[in-house]
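To find a chain, count down the sequence lines: A is the first, B the second, and so on, and within it residues start at 1. Hydrogens, waters and symmetry mates play no part in the numbers below; they use all other heavy atoms, side chains included.
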There are 2 protein chains.
Amino acid sequence: MKNRLEEIRKARGIKQEEMAEALQVSRQTISSLENGRYNPSIILAFKIARYFGLSIEEIFIYEGEGK
Amino acid sequence: MKNRLEEIRKARGIKQEEMAEALQVSRQTISSLENGRYNPSIILAFKIARYFGLSIEEIFIYEGEGK
DNA sequence: CCTCAACGTCAAGGTTGCTTTACATCACAA
DNA sequence: TTGTGATGTAAAGCAACCTTGACGTTGAGG
C-alpha cells in the first residue's frame, strides 16, 4: 500500500505534530505512515480522509499485490 | 464502524465461504466482520471493495465517534 | 558557531486483526 | 428422524498497529 500523506500534508503546510494532534494519534504514527513502516487501521484511514476532505481511495493506493 | 457486508453479500447470493476463499481469508474473518466483532485491516477493506466493485465508503460506514 | 524546530527511528509494551481448530445451532431436504 | 450445508462463536497464538520515551539528524536563523 502506497499513500500520498506527505505530499498532501506538505501541500497544505501542515506539520506532522499538528496533524497528529488533530487526529488524536502520536507524531510517530504519522511519521510511520508517511514512511511506509506500516498501514493505518481503517479507522485511522477514515479519520485522515475526513481530515483532508478526501476519500480513502484518493489518499491510499492499493495496487493489489503486496502489502 | 458499521458495514453493509451481509446485506451486499446476500443480495448477490454469495456464501461466506466463497467470499472468504476469493479474498484469501478465513470464513471466521468474514463472519466476524459481518457481526461487528472487529474492523477489517485497510488492506482487507480494499480487497472487499474491489471484490464487490464498490468503494470502501460504500461498504464501511464511519460515523465519527466510537470504534 | 549555536540552537531550535521538524522530522526519522528505535525499543518495549499494550491492543487489535486474523489464523486454526473445534464445537454448536438452525433450516431444510431426504 | 437423520443428516448436511451455512453460519455463529470460543480459545489460543502470531502478526500488525499504535503508544510513550528517548535520542539522532538536518536545515534555517540568530
Side-chain angles (χ1 to χ4, degrees):
Chain A
M1 266 248 339
K2 295 192 179 302
N3 70 68
R4 306 202 300 125
L5 248 37
E6 183 169 14
E7 171 194 347
I8 297 170
R9 180 180 60 79
K10 288 193 169 171
R12 304 190 181 194
I14 300 169
K15 295 168 201 163
Q16 287 186 344
E17 191 144 18
E18 297 179 58
M19 181 169 165
E21 195 170 352
L23 299 173
Q24 309 193 85
V25 294
S26 67
R27 178 182 65 81
Q28 287 84 338
T29 294
I30 303 300
S31 177
S32 293
L33 296 179
E34 289 191 349
N35 290 288
R37 227 176 327 280
Y38 48 71
N39 299 126
S41 66
I42 192 170
I43 293 291
L44 182 50
F46 266 111
K47 285 186 186 172
I48 291 171
R50 173 175 299 187
Y51 177 68
F52 284 139
L54 298 172
S55 70
I56 289 181
E57 287 85 352
E58 288 173 309
I59 304 173
F60 300 95
I61 293 94
Y62 177 62
E63 312 91 344
E65 280 313 306
K67 283 67 201 301
Chain B
M1 266 249 336
K2 293 191 180 301
N3 71 69
R4 307 200 302 125
L5 248 36
E6 183 170 13
E7 172 194 347
I8 297 170
R9 179 180 61 80
K10 287 192 172 172
R12 304 191 181 193
I14 299 169
K15 296 169 199 162
Q16 287 185 345
E17 191 145 18
E18 298 179 58
M19 182 171 164
E21 195 170 352
L23 299 173
Q24 309 194 85
V25 295
S26 68
R27 178 182 66 81
Q28 287 81 342
T29 293
I30 303 301
S31 177
S32 294
L33 296 178
E34 289 190 348
N35 291 288
R37 229 177 326 281
Y38 49 71
N39 298 126
S41 66
I42 192 171
I43 293 291
L44 182 50
F46 266 110
K47 285 185 186 174
I48 291 171
R50 173 174 298 186
Y51 178 68
F52 285 138
L54 298 171
S55 71
I56 289 180
E57 286 86 352
E58 288 173 309
I59 304 173
F60 300 95
I61 293 94
Y62 176 62
E63 314 91 344
E65 280 311 306
K67 283 63 201 304

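Whole-Å rounding puts the B/L23 CG to C/dT19 P distance at 10 Å. Taking atom CG of residue B/L33 and atom P of nucleotide C/dT16, one finds them 15 Å apart after rounding to whole Å. Rounded to whole Å, atom P of C/dT15 lies 18 Å from atom CG of A/L44. A/Y38 places its OH atom 13 Å from the C1' atom of C/dT16, with the value rounded to the nearest Å. Following rounding to the nearest Å, A/I43 (CD1) and D/dC18 (C1') show an atom-to-atom distance of 14 Å. Atom CD of A/E21 and atom C1' of C/dA5 are 16 Å apart (whole Å).
By the salt bridge (Lys or Arg N to Asp or Glu O under 4.0 Å) test, A/E6 pairs with A/K10, sequence neighbours left out. Evaluation of the side-chain contact (heavy atoms from CB on, under 4.5 Å) rule for A/E58 yields A/L54, A/S55 as partners, not counting sequence neighbours.
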Restricting to nitrogen or oxygen on both sides, can you table the protein-nucleotides 6-9 of chain D pairs closer than 3.5 Å?
unit_1	atom_1	unit_2	atom_2	d
D/dA6	OP1	B/K15	NZ	2.7
D/dT7	OP1	B/R9	NH1	2.9
D/dT7	OP2	B/Q16	N	3.0
D/dG8	OP1	B/N35	ND2	3.4
D/dG8	OP2	B/Q16	NE2	2.5
D/dG8	OP2	B/S31	OG	3.1
D/dG8	N7	B/R27	NH1	3.3
D/dG8	O6	B/R27	NH2	3.0
D/dT9	OP2	B/R37	NH1	3.0

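Grouping the Ile, Leu, Val, Met, Phe, Trp and Tyr side chains by contacts below 4.5 angstrom, directly or via other members, places A/I56 apart from A/I61.
Backbone-only contact: B/Q24 has heavy atoms under 4.0 Å from sugar-phosphate atoms and none from a base. Across all strands shown, B/S41 has heavy atoms under 4.0 Å from sugar-phosphate atoms exclusively, and none from any base.
Among B/E18, B/M19, B/E21, B/K15, the one residue that satisfies the side-chain contact (heavy atoms from CB on, under 4.5 Å) test with B/I30 is B/M19.
Of the possible polar contacts, one joining the A/N3 side chain to the A/L33 backbone as a donor-acceptor pair under 3.5 Å is found. Here the side chain of B/E17 pairs no donor or acceptor atom with the backbone of B/R27 at under 3.5 angstrom.
Of the candidate nucleotides C/dC18, D/dC18, C/dG17, C/dG17 has the atom lying nearest to any side-chain atom of B/N39.
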